Amino acid sequence: MGVDYLFFSLIDKFIDQYFNSLEFVDYRFAEIETNLIEQKNVKLDDLYQLRKDLHYLKKGAEPIKDILSSLIKTKNSFITDTVNKYFIDAQDDASHIFDSITSYREMMNSLYEANVAYRNDEINKKIMTLTIISVIFIPLSFLAGVFGMNFLHMPLLTYKFSFIIFMAFCVSIVIIMLLLFKRKKWF
């Protein structure tokens, strides 16, 4: 084979390395996706690093695809018809790599959005829990404030079981609120 086949061999090795890189990206993508689905903590650094790697792969794959396209379109004496068939095959592989990188980037954006949605859901659950606790303790704080004032003529202050009645009333408020929240399926 001539120099044209040597040139094809070099380009083919580049393309093969891109396939190896895509396998590694596929492995990392599947790992991050699995962690997200299993609701484990996904580090944003991992997502950004994968996005950056895909960007570099795309920047490198696009010129190879364009070079192969222009070599095939322009007939020259440097490339024989026999080797031109190999270049057509290499162009198909380069197009496949470029399309794969593009689809990985789109899937990466979806994965990023899913991660943001998961984190927002976690924050919403925490805020809801804190809100429920606040809603329960606000009436209790109000009652404790009212009955904690130093008035001389306040009903039930001199009664022997007033503290027990007050505590039973507060506990019943908590129970009623919890049952109401449970019925509305707020937790």
Side-chain angles (χ1 to χ4, degrees), residues 1-134 181-182 184-187:
M1 298 303 242
V3 177
D4 55 348
Y5 186 77
L6 178 64
F7 182 60
F8 160 75
S9 296
L10 288 172
I11 290 179
D12 191 45
K13 289 298 177 189
F14 282 126
I15 291 172
D16 288 343
Q17 289 302 317
Y18 272 100
F19 279 118
N20 292 339
S21 297
L22 281 179
E23 286 179 23
F24 181 70
V25 165
D26 186 47
Y27 170 76
R28 285 181 47 207
F29 184 83
E31 183 180 38
I32 291 172
E33 187 177 35
T34 302
N35 286 341
L36 186 66
I37 289 172
E38 292 174 357
Q39 296 181 348
K40 292 182 182 175
N41 191 11
V42 175
K43 296 178 184 173
L44 287 178
D45 293 341
D46 294 341
L47 290 172
Y48 287 132
Q49 184 62 42
L50 188 56
R51 179 182 278 179
K52 191 166 116 177
D53 292 346
L54 285 170
H55 177 70
Y56 287 137
L57 285 173
K58 184 178 180 183
K59 275 178 76 173
E62 191 169 18
I64 292 173
K65 183 183 81 148
D66 293 341
I67 288 169
L68 287 172
S69 179
S70 67
L71 280 174
I72 291 170
K73 287 180 183 175
T74 59
K75 295 285 183 182
N76 55 33
S77 61
F78 175 68
I79 299 173
T80 62
D81 289 337
T82 307
V83 177
N84 196 32
K85 294 176 186 176
Y86 294 125
F87 278 110
I88 292 172
D89 185 43
Q91 183 197 19
D92 289 341
D93 289 343
S95 295
H96 174 71
I97 288 169
F98 187 77
D99 292 342
S100 296
I101 291 170
T102 304
S103 68
Y104 275 126
R105 288 187 67 178
E106 290 172 4
M107 291 183 340
M108 188 71 209
N109 290 334
S110 299
L111 194 61
Y112 178 77
E113 290 172 4
N115 187 33
V116 168
Y118 171 72
R119 288 177 185 257
N120 285 340
D121 188 47
E122 289 295 312
I123 290 171
N124 286 342
K125 288 178 184 177
K126 290 175 185 174
I127 289 174
M128 184 175 212
T129 302
L130 292 173
T131 303
I132 288 173
I133 291 170
S134 297
F181 295 155
K182 190 78 167 172
K184 291 189 180 247
K185 297 180 182 175
W186 286 0
F187 69 94

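Computed over heavy atoms, backbone and side chain alike; hydrogens, waters and symmetry mates excluded. All figures in this text were calculated on a predicted structure; none of them were measured in a lab.
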In Å and rounded to the nearest 0.5 Å, what is the [atom1] to [atom2] distance from [X] to [Y]?
X      : Y      : atom1 : atom2 : answer
Ile32  : Leu111 : CD1   : CG    : 6.5 Å
Leu71  : Phe87  : CG    : CZ    : 6.0 Å
Gln91  : Asn84  : CD    : CG    : 9.5 Å
Asp89  : Asp12  : CG    : CG    : 7.5 Å
Asn120 : Asn115 : CG    : CG    : 9.5 Å
Asp16  : Asp93  : CG    : CG    : 7.5 Å

Derivation of the salt bridge (charged side-chain N to carboxylate O under 4.0 Å, His left out) call for Lys85 and Asp81: CA-CA 7 Å; Lys85 294 176 186 176; Asp81 289 337; over 6 Å; no
From Lys59, Met107, Met108, residue fulfilling side chain to side chain contact (heavy atoms under 4.5 Å, CB included) relative to Leu54: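 The single option meeting the side chain to side chain contact (heavy atoms under 4.5 Å, CB included) with Leu54 is Met108.
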Please find the pair of heavy atoms, one from [X] and one from [Y], that lie closest to each other, and give the distance.
X     : Y      : value
Phe8  : Tyr86  : CE1-O, 3.3 Å
Ser70 : Ile67  : OG-O, 2.9 Å
Leu36 : Ala114 : CD2-CB, 3.5 Å
Ile97 : Ala61  : CG2-CB, 4.1 Å

Contacts of type side chain to side chain contact (heavy atoms under 4.5 Å, CB included), residue Leu130, not counting sequence neighbours: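 Side chain to side chain contact (heavy atoms under 4.5 Å, CB included) check on Leu130 returns nothing, list empty.
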Phe24 vs Asn20, side-chain contact (heavy atoms from CB on, under 4.5 Å): CA-CA, chis, key distance, verdict: CA-CA 6 Å; Phe24 181 70; Asn20 292 339; over 6 Å; no
Side-chain heavy-atom pair [X], [Y] within 4.5 angstrom cut-off:
X      : Y      : answer
Tyr112 : Val116 : yes
Leu22  : Tyr104 : yes
Ile101 : Phe98  : no
Phe7   : Val83  : no
Tyr18  : Ile64  : yes

Where at least one partner belongs to residues 44-55, residue pairs that pass salt bridge (Lys or Arg N to Asp or Glu O under 4.0 Å), sequence neighbours excluded: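 Non-adjacent pairs meeting salt bridge (Lys or Arg N to Asp or Glu O under 4.0 Å): Arg28-Asp53.
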Phe14 CZ: over 12 foreign heavy atoms closer than 6.0 Å: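 No - once you tally the heavy atoms of other residues, nucleotides and ligands closer than 6.0 Å, there are 12 at most.
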